[in-house]
Amino acid sequence: NSTNFVNRFIFGNLPIGQYSSPSYSGRFGVLEGVGAAIITLSACGTLGTANTIYNLTQSVNSSGTCFTITAYNVTLNCNGYMINYTQSSTGYAVTSTGYNFSTIKNCNIVQGRTTANNSYAVYLKSGINSTIKINNISTYGPTSTSARNYGVFLSSQRNSEVAENNITTSGMQNFGVYLYAQSNSTNISSNKIFTSIISSYGVYVSNSLLNTIANNNITTKENSTFAVYVTSSENNVTSNNLLTYGVGSNVIYIVGTVGANKNKINSNNITSYGVGATGIFVYGGIANTEVSNNVVTTRGSPSTGIYIYSSNLTTINLNKIDSLGTSSVALQLFSSNYNNLTNNNVTALTTGSRGIYITTYSFSNLIVNNTVKSNNYALTVLNGNLSKIYNNFFNSTIKQIVSILPNNRAHVNELNTTKTDLTPNSNIIKGTYLAGNFWANSLGKGFSQTCQDTNTDGICDAVYSI
């Protein structure tokens, strides 16, 4: 029965494992409440009895650390009461090292001393299958020097869940949720995270793999902030509402300092305000990033929608990118090779803004099926060779539609030209042949809008001279 299962496989032994029987095999876990004792709490202390639900019955205070978990399968249910920690010394609201199946829920966690540094609301290390759920967490700290206070900090903590929490930070270089040192396979979902001071982070993922960051609402205010910051591989950032305010802020920042390959950035709603801000920034020796189905809006003057810097084999597909600040760039490749830019809707209509900008030795990129509307050049290729650019709709509000320097060897198939390698297929303007790009401007005087087509095959008789 369930009680015997808990006693035989859990109590006093390993909390998880691979077991088999004539009827069942697989990975066994613990259902909360099955065979568990219930203990009421009215003060901070050690939670040291395995398979126990601790129910908080009143708000509690601590000069430093409040609760320390020292057993397997412990649940702390605060029932909405407050944990006021770090009132006079650095500490933790709840901490555990080396124990599995820890659950912290329904807590109102507040950092007591607002000028404290290096404090943690929830700190879990070297465990598996833990849950931090339905908590309100507030951290503070100095606003002019680094605070480094943390809402949720997981170190070498695997298969955990951080969900449905409200996390607010208001100290310099504070962190809402921080994954560190192989905190793999963590689900960070449905949280509301707000940071309000310079150099702060909503979610920070360092050296941790296979995590999912989904359905969160993350807002950062002030300069040099990040909604999601990732330095690791194979993480999935999906279906979030992300917003940053401030000079030099980045909404999603993927950096390859320790290797950050095969990350997926999908179906996010991304907005940034601030000079020099970026919606999605993939930076530094990264490969095989997927950026798809995102809505990216930047409002800084200047700012960048999606920026791929020194990174290769990126797939940028089916994104809607609006750059609303002056002298901005909607989509830029810098020293990046073998990237695919396909099926994107790109708009950069403010003064001096560019649509797609390929620069600084970016080679062998594929640019296909994009609709690009810009104030300045819809397409710029500067030191970018051997790229294939076809079946795009390029539309500029000025006469100049495209800028490709003569010393480049970009292979441009001009749509509506008399090329002989016409391919029967629907093109970007619903024509019957694939052959190149459609060149337009808002005045109706673009090359593809005014050219002759005497045989009515939908292809211009003359070649568009760039």
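Note that these values count all heavy atoms, side chains included, but never hydrogens, waters or copies made by symmetry. Along the sequence shown, residues carry numbers from 1.
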Would you please say whether a donor-acceptor pair under 3.5 Å links the side chains of N375 and T397? yes
Taking atom types as modelled, is there a side-chain donor on N391 or N427 under 3.5 Å from an acceptor on the other? no
Is it true that E164 and K133 have a side-chain N and a carboxylate O under 4.0 angstrom from each other? yes
Have N108 and N136 got a donor and an acceptor in their side chains that come within less than 3.5 Å? no
The side chain to side chain donor-acceptor pair (under 3.5 Å) partner of N191 among N216, N240, N215 is N216
Are N294 and N268 close enough that a side-chain donor and a side-chain acceptor fall under 3.5 Å? yes
T314: which of N337, T289, N339 passes side chain to side chain donor-acceptor pair (under 3.5 Å): N339
So, taking the atom named CD1 in I265 and the one named CD1 in I316, what distance separates them when rounded to the nearest 0.5 Å? 9.5 Å
Residue of the set Y307, Y201, F281 for which ring pair (Phe, Tyr, Trp, His ring centres under 6.0 Å) holds with Y253: F281
Pick one: which of F226, Y229, Y204, Y180 meets ring pair (Phe, Tyr, Trp, His ring centres under 6.0 Å) with F175? Y204
Taking the six-membered ring for Trp, are the ring centroids of F101 and Y72 within less than 6.0 Å of each other? no
Heavy atoms, side chains only, cut-off 4.5 Å: are S353 and S374 in contact? no
Give, for atom OG1 of T90 and atom CG of N117, the distance between the pair rounded to the nearest 0.5 Å. 7.0 Å
Show the numbers, then the answer: is there a side chain to side chain contact (heavy atoms under 4.5 Å, CB included) between F67 and V60? CA-CA 10 Å; F67 291 113; V60 293; 4.0 Å; yes
Pairing donors with acceptors under 3.5 angstrom, does anything connect the side chains of E290 and N263? no
Roughly how far, to the nearest 0.5 Å, is CG of N317 from CG of N319? 7.0 Å
N73: which of T49, T103, T52, N51 passes side chain to side chain donor-acceptor pair (under 3.5 Å): N51
